[in-house]
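From a predicted model like this one, the values you see are computed outputs, not experimental measurements. This chain uses plain numbering: 1 for the first residue, then up along the sequence.
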Amino acid sequence: MEGNKGKLYLCATPIGNLDDITLRVLNTLKEVDLIAAEDTRHSIKLLNHFDIKTPMTSYHEYNKVEKARYLVEKMGEGVSIALITDAGTPGISDPGEELVKQCYEAGIEVTSLPGPAACITALTLSGLGTRRFCFEAFLPTDKKEKQWILTELQNETRTIIIYEAPHRLVKTLSELLETLGNRRITICRELTKRYETAFRTTFVEALETYETEDPKGECVIVIEGKSFQEIKEAEIKSFEEMSLEEHMALYEDKGIDRKEAMRMVAKDRGISKREVYQYLIKNEL
């Protein structure tokens with residue numbers, strides 16, 4: 001840990017199974033001058049398990065701005081610091097992002113030591129599409145903000161990942177069903193632990209299951225994105241609700257010439273350009 005300035009090490013810690021910690025993280029936690037932990041009472045169990053004696057300080061949601069300033073100041077004096085969260089990778093849906101931001105503003109070097117992350121573990125376990133995905137973490141508690149996000153997700157084509165606590169799971173599933181419609185989902189719980197489960201189901205089937213079974217353990221909900229076919233069918237339906245005359249006017253009012261407007265209308269409605277032309281001639285439009 002050389003240099004005039006210290007350095008911030010983002011250290012991913014296990015989300016359940018302690019064997020998932022990397023050798024690089026273990027060595028770093030032993031070598032840094034200070035460990036900033038989300039909950040020192042929780043993290044001391046991890047440090048004791050691996051016989052790590054490095055001093056700890058608390059860094060959490062309620063002190064993230066002021067404490068980040070203090071930690072950045074210490075790193076400016078040459079102190080090397082490892083940041084750990086209660087579980088998983090620091091900076092993902094936790095106050096670590098504030099510390100990282102302040103480090104860059106102060107010219108402090110930052111490095112991230114890869115390791116466990118519940119969102120990625122659940123995604124790969126889900127059996128749903130993994131090439132494109134979006135991560136929403138916990139939905140907001142504010143009703144208006146939550147509804148805004150849910151509405152935004154209605155036409156999301158990527159696989160969606162959401163965290164939820166067991167006592168709120170049924171309510172969240174109900175809200176998702178109401179907003180997104182019935183989708184294929186996988187509910188992952190107790191990831192990497194002895195009773196890990198990946199419940200592949202749908203919103204409707206899951207809600208039926210939880211009528212007689214209480215959800216347990218922190219959950220990650222992985223949701224199938226809306227298919228391009230569904231979006232196309234919805235677009236065609238919305239265009240079909242217009243008359244052909246209204247549809248033509250939609251483009252012609254934008255200055256698009258009649259021939260091109262006919263082509264665009266035909267494409268929108270999934271019909272031939274000839275059918276559009278014949279309709280216009282028949283109705284003398």
Side-chain angles (χ1 to χ4, degrees), residues 1-16 18 20-47 50 52 54-124 132-142 145 149 158 160-163 191-192 218 220:
M1 312 296 174
E2 298 177 354
N4 295 327
K5 287 186 178 181
K7 185 174 178 179
L8 178 65
Y9 298 82
L10 305 175
C11 295
T13 53
I15 58 176
L18 293 179
D20 290 335
I21 200 163
T22 69
L23 291 175
R24 186 180 172 205
V25 166
L26 285 176
N27 290 333
T28 299
L29 293 178
K30 291 175 181 177
E31 293 173 8
V32 292
D33 301 308
L34 183 66
I35 296 171
E38 189 172 8
D39 184 340
T40 55
R41 294 167 300 178
H42 176 86
S43 295
I44 192 64
K45 299 172 186 176
L46 176 74
L47 300 192
F50 291 106
I52 297 170
T54 308
M56 272 196 298
T57 187
S58 64
Y59 178 74
H60 49 71
E61 183 65 29
Y62 303 104
N63 71 356
K64 64 181 181 181
V65 176
E66 288 299 322
K67 192 60 175 281
R69 291 195 189 108
Y70 167 79
L71 294 174
V72 167
E73 183 180 324
K74 299 301 288 183
M75 284 183 277
E77 296 170 357
V79 175
S80 57
I81 297 177
L83 178 66
I84 59 175
T85 182
D86 285 349
T89 301
I92 297 181
S93 190
D94 77 15
E97 63 180 307
E98 174 65 27
L99 180 55
V100 171
K101 182 183 76 172
Q102 289 197 30
C103 279
Y104 281 123
E105 290 172 351
I108 301 295
E109 187 179 354
V110 179
T111 189
S112 183
L113 283 59
C119 54
I120 299 301
T121 304
L123 175 65
T124 56
R132 300 171 64 249
F133 61 92
C134 67
F135 175 56
E136 286 294 333
F138 288 94
L139 292 173
T141 53
D142 179 81
E145 187 181 355
I149 288 176
R158 296 171 294 179
I160 303 163
I161 306 169
I162 292 174
Y163 289 164
L191 287 169
T192 76
E218 293 297 316
V220 184

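- Of the residues listed (N27, I81, T54, L8), the one engaging V32 in a side chain to side chain contact (heavy atoms under 4.5 Å, CB included) is T54, and it is the only one.
- Shown here for V110 and Y104, the closest heavy-atom pair between the two residues is CB-OH, 3.8 Å.
- Side-chain atoms of Y163 come within 3.5 Å of backbone atoms of C119 as a donor-acceptor pair (strictly under, hydrogens ignored).
- The heavy-atom pair separating T28 from C11 by the smallest distance is CG2-SG, 4.0 Å.
- Partner of P116 under the side chain to side chain contact (heavy atoms under 4.5 Å, CB included) criterion, out of D20, T192, L191, I21: D20 alone.
- Taking both residues in full, the closest heavy atoms of K5 and G107 are given as NZ-O, 3.7 Å, listed atom of the first, atom of the second, then distance.
- Here the CD1 atom belonging to I84 is positioned 9.5 Å from the OG1 atom belonging to T40, to the nearest 0.5 angstrom.
- Judged by distance alone, the side chain of E136 and the main-chain N or O of I162 form no donor-acceptor pair under 3.5 Å.
- Closest non-hydrogen pair, V25 versus A12, comes out as CG2-O, 3.7 Å.
- Rounded to the nearest 0.5 Å, atoms NZ (K67) and NE2 (H60) are 7.0 Å apart.
- The shortest heavy-atom contact between T111 and K7 is CG2-CE, 3.7 Å.
- Rounding to the nearest 0.5 angstrom, the gap separating the NZ atom in K74 from the CG atom in L34 is 8.5 Å.
- Counting heavy atoms from C-beta outward, I15 and T121 have side chains that approach closer than 4.5 Å.
- When all heavy atoms of L46 and P14 are compared, the pair lying nearest together is CD1-CD, 4.2 Å.
- For Y70, the OH atom counts as loosely surrounded, since its 6.0 Å shell holds 12 or fewer non-hydrogen atoms of other residues, nucleotides or ligands.
- Under a cut-off of 6.0 angstrom, the local environment of CZ in R41 is sparse, with at most 12 non-hydrogen atoms contributed by other residues, nucleotides or ligands.
- In this structure, SG on C103 lies 10.0 Å from CD on E98, to the nearest 0.5 angstrom.
- Using modelled atom types, one side-chain atom of Y59 and one backbone atom of L99 make a donor-acceptor pair closer than 3.5 Å.
- Taken to the nearest 0.5 Å, the CD1 atom of I35 stands 13.5 Å off from the OG atom of S58.
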Q | I92 and F135: CA distance, side-chain angles, deciding distance, side-chain contact (heavy atoms from CB on, under 4.5 Å) verdict | A | CA-CA 10 Å; I92 297 181; F135 175 56; 3.5 Å; yes

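- Q102 places a side-chain N or O within 3.5 Å of a backbone atom of V65 that can act as its donor or acceptor partner.
- Contact annotation: the side chain of L26 approaches that of I52 to within less than 4.5 Å [non-hydrogen atoms, C-beta and beyond].
- Atom CG of L71 sits about 14.0 Å away from atom NZ of K64, to the nearest 0.5 Å.
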